[in-house]
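In what follows, chains are A, B, ... by sequence order, proteins preceding strands, each numbered from 1.
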Amino acid sequence: MTVATRIAPSPTGDPHVGTAYIGLFNYAFARSRGGRFIFRLEDTDRQRYDAGAEARILEMFEWLGIRPDEGPDVGGGRGPYRQSERLAIYREHAGRLLATGKAYRAFETPEELDAMRTEQKRLGRPLGYDGRGREVSREEQERRAAQGEPHVVRLITPDDGETAFQDVLRGEVSIRNAEIRDPVLQKSDGYPTYHLANVVDDHLMGVTHVIRAEEWVTSTPIHVLLYRAFGWELPEFIHMPLLRNPDKSKVSKRKLDTSVESYRLQGILPEALLNFLATMGWSMPDGREFFSLDDMVAGFDIGRVSLGGPVFDLKKLRYYNAKYLRDVLSLEEVARRIAPLLRERGLDWNDQDYLLDVVDVLRPRAETLVDLIDAAGYFFTEDVRYDGPARKQLAAGQKYLEDLEREFSILEFFDYDGVDDLLHDYVQAQSVGMGKVLQPLRAALTGTTNAPGVTDLVTILGKRRVLRRIGQALSAINQGLPDDNPQRSGESGPGGDGKGARGPRKPGKGETQARQQGRQEGTAAGAGTPKRDPAG
RNA sequence: GGCCCCUUCGACUAGCGGUUCAGGUCACCACCCUUUCAAGGUGGCGGCACGGGUUCGAAUCCCGUAGGGGUCACCA
């Protein structure tokens with residue numbers, strides 16, 4: 001039998017990291033065994049149904065690169081893949097259990113059930129349906145149903161003994177049948193409950209391995225009983241540990257950001273999120289900590305799941321993201337993802353190489369795409385604003401800036417080495433510390449003191465921009481560095497939404513690594529076009 | 001509370017009876033590099049929950065205790 005797994009989310013709120021997590025493991029398992037991975041929408045709860053959620057969950061998986069072989073959007077031979085479109089199937093199956101005496105119609109109202117629970121509580125008795133509906137005769141059940149009296153269908157479960165199942169990761173788990181109280185299979189609105197729909201669909205869709213979260217362990221015996229009632233073969237059950245909040249409780253919106261969309265908006269990369277999620281309760285056989293989805297599939301071994309509930313650590317997620325940004329993805333790839341975000345802010349550029357240079361120096365200083373674009377502003381606008389520390393540097397560096405303006409204007413080879421030599425020679429001639437000269441220059445060029453190496457900045461910005469910015473800084477100094485420097489107007493281009501004008505920039509993070517040799521462009525035309533290591 | 005599951009550094013984990021006075025990563029600290037901020041390099045801090053067994057030998061197996069989590073709906 002060919003392996004089949006599934007992810008079966010409910011279309012309620014935001015696409016959840018837990019759904020991504022369980023989806024990832026189902027996907028990896030199916031792929032590693034040459035099986036099918038099914039997406040099934042469990043939309044049987046009309047109260048909590050959210051019309052937009054289905055598309056958003058699908059988008060989430062698309063973004064993550066986890067593509068189902070079957071699902072509502074891709075089809076497949078065992079659909080439909082929305083439970084709301086399978087109502088007739090569930091009704092027929094419920095009917096089958098009714099006909100074979102394995103289920104019965106129960107007519108208690110919600111109020112009656114509440115009263116029952118209240119009474120149980122008062123007496124200190126175990127909570128749960130007491131099976132009173134079994135007393136109603138078949139004839140009466142059918143008669144009342146025929147008269148349209150609202151009712152549910154319940155499974156008859158054994159009162160004694162216990163029901164056990166094998167969990168691939170935990171071994172045998174058994175629960176006394178007394179704990180299981182005739183669960184509802186079909187609600188009074190005619191919709192199936194999770195238990196019925198899930199079992200019926202898993203069977204009909206040929207699911208061989210049920211990989212789901214640990215929270216389902218205690219209801220698995222219900223499913224076992226259902227499989228038996230239908231006379232079906234059991235699938236393998238694999239219960240993954242629950243992702244945890246920092247306080248160890250199961251991940252929740254209240255205590256943690258659980259929305260995958262929100263991580264995307266924060267500039268988290270799908271590869272990084274996936275890699276991070278894969279390390280939650282699982283490890284590569286060879287101990288690698290950075291690996292792609294394909295790598296994971298190639299090395300997948302369900303036996304390597306560890307059962308302690310892993311805490312979802314934002315810091316580590318960000319670390320993974322930073323790692324992907326600077327080491328795993330190519331420079332070109334990062335630039336490709338950054339470009340649209342810059343344009344959204346109304347920032348633009350003419351030269352692809354310029355963008356690559358900017359990303360190159362900025363990415364070691366960024367943890368997320370958003371960090372990166374937050375720090376990139378001065379590369380894309382001439383309206384440089386000076387933050388507090390920058391003002392101090394400018395005020396102290398007027399002389400150096402004047403000198404450097406002159407020196408740069410006559411510098412013939414405006415490439416990395418040329419600039420670097422000039423700067424060093426100048427500093428030496430002045431016999432002062434590097435910082436004395438370079439900090440004011442950095443401030444003039446970027447408006448901040450936290451930025452990439454000055455030689456990089458100068459080289460990337462190019463002669464024309466550098467001279468202009470030094471000139472600007474000098475005139476600002478002459479005007480006493482007015483504190484109410486006009487807000488940067490954000491150079492709103494197409495798609496600009498005014499976001500260009502933001503509060504004080506976060507300290508830029510950048511790259512000091514020596515640039516490639518051979519920057520050839522000595523002209524004033526700014527946009528640096530240095531040679532770049534094609535290895536990227 | 002009943003039931004079920006889980007338990008290696010603050011966090012993620014490796015370890016599946018002996019080659020481990022427990023290894024790696026994040027975080028944290030220090031130092032190095034250094035014109036700022038990062039990145040990078042080096043080092044450090046820090047753990048087998050506890051108690052009984054089993055065994056020549058236990059982080060690894062068993063039992064108990066404690067702790068954590070989940071679940072007890074006409075939600076999934």
> Output the rounded distance in Å from CD (A:Glu214) to C1' (B:A76).
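Those two atoms, CD and C1', are 16 Å apart.
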> Looking for any heavy atom pair under 4.0 Å, which part of the strands does A:Arg181 touch: base, sugar-phosphate only, or nothing?
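Touches nothing.
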> Starting at atom CG of A:Asp50, determine the distance to atom C1' of B:C75, rounded to an integer number of angstrom.
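The answer, rounded to whole Å, is 15 Å.
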> Whole-Å distance between B:C37 C1' and A:Gln439 CD?
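Value for this atom pair: 9 Å.
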> Once you round it to whole Å, what is the distance between P of B:C75 and CZ of A:Arg46?
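The answer, rounded to whole Å, is 9 Å.
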> Can A:Arg134 be said to sit on top of A:Tyr104's aromatic six-ring, NZ or CZ under 6.0 Å from centre and within 45° of the ring axis?
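Judged by the rule, A:Arg134 and A:Tyr104 form no cation-pi pair.
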> Within this structure, what is the CZ-to-C1' distance between A:Arg170 and B:C5, rounded to whole angstrom?
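In whole Å, B:C5 C1' lies 6 Å from A:Arg170 CZ.
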> Rounded to whole Å, please give me the gap between CG in A:Asp421 and C1' in B:U35.
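Rounded to whole Å, this separation is 16 Å.
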> Side chain of A:Asn450 only, please: which of B:C37, B:A14, B:U25 is the nearest?
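Per side-chain heavy atoms of A:Asn450, the pick is B:C37.
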> Taking A:Asn275's backbone N and O only, do any of them form a donor-acceptor pair with A:Tyr324's side chain (distance below 3.5 Å, no angle check)?
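Answer holds: no.
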> Does A:Val454 reach a base, just sugar-phosphate, or nothing at all? Heavy atoms under 4.0 Å.
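Base, at least one base atom sits under 4.0 Å.
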> Would you classify A:Arg326 as touching base, sugar-phosphate or nothing, given that sugar-phosphate means primed atoms plus P, OP1 and OP2, and contacts are heavy atoms under 4.0 Å?
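Result for A:Arg326 = sugar-phosphate.
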> Identify whether any heavy atom of A:Ser219 sits under 4.0 Å from a base atom; if not, whether one sits that close to sugar-phosphate; answer base, sugar-phosphate or nothing.
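Nothing: the residue A:Ser219, judged by heavy atoms under 4.0 Å, touches no strand.
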> As a test of reading the structure: which of B:U13, B:G40, B:C12 is closest to the side chain of A:Ser283, going by heavy atoms?
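Closest nucleotide among those given: B:U13.
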> Measure the distance from CD on A:Glu215 to P on B:C6 and round it to the nearest whole Å.
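Rounded to whole Å, this separation is 16 Å.
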> Should the pair A:Phe237 and A:Phe165 be assigned to parallel (<30°), tilted (30 to 60°) or perpendicular (>60°) ring geometry?
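Perpendicular.
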> Could you check whether A:Val173 gets within reach of a base, just the sugar-phosphate, or nothing at all, counting any heavy atom under 4.0 Å?
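If one applies the 4.0 Å heavy-atom cut-off, A:Val173 turns out to touch the sugar-phosphate alone, with no base involved.
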> Give A:Arg304 one of three labels, base, sugar-phosphate or nothing, depending on what nucleic acid heavy atoms sit under 4.0 Å from its own.
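Sugar-phosphate only.
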> Describe the nucleic acid contact of A:Ser188 in one word from base, sugar-phosphate, nothing, applying a heavy-atom distance below 4.0 Å.
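Here A:Ser188 touches the bases of the nucleic acid.
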> Contact class for A:Glu108 vs. all strands (heavy atom < 4.0 Å): base, sugar-phosphate, or nothing?
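Touches a base.
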> Name the orientation class of the two ring planes belonging to A:His223 and A:His195 (parallel below 30°, tilted from 30 to 60°, perpendicular beyond 60°).
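It falls in the tilted class, 30° to 60°.
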> In whole Å, what separates the P atom of B:A38 from that of B:C28?
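My reading of the P atoms in B:A38 and B:C28 gives 11 Å.
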> Give A:Glu289 one of three labels, base, sugar-phosphate or nothing, depending on what nucleic acid heavy atoms sit under 4.0 Å from its own.
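A:Glu289: base contact, heavy atoms under 4.0 Å.
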> Heavy-atom count check: over 12 atoms from other residues, nucleotides or ligands less than 6.0 Å from A:Gln428 CD?
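Counting other residues, nucleotides and ligands, CD of A:Gln428 stays at 12 neighbours or fewer.
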> What integer number of Å spans the P atoms of B:U42 and B:U54?
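Each nucleotide's P atom is 47 Å from the other's.
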> B:U35 C1' sits how many Å from A:Gln430 CD, rounded?
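Atom-to-atom, A:Gln430 to B:U35, this comes out as 15 Å.
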> For B:G46 versus B:A22, give the span between their C1' atoms, rounded off to a whole number of Å.
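Comparing C1' positions in B:G46 and B:A22 gives a spacing of 13 Å.
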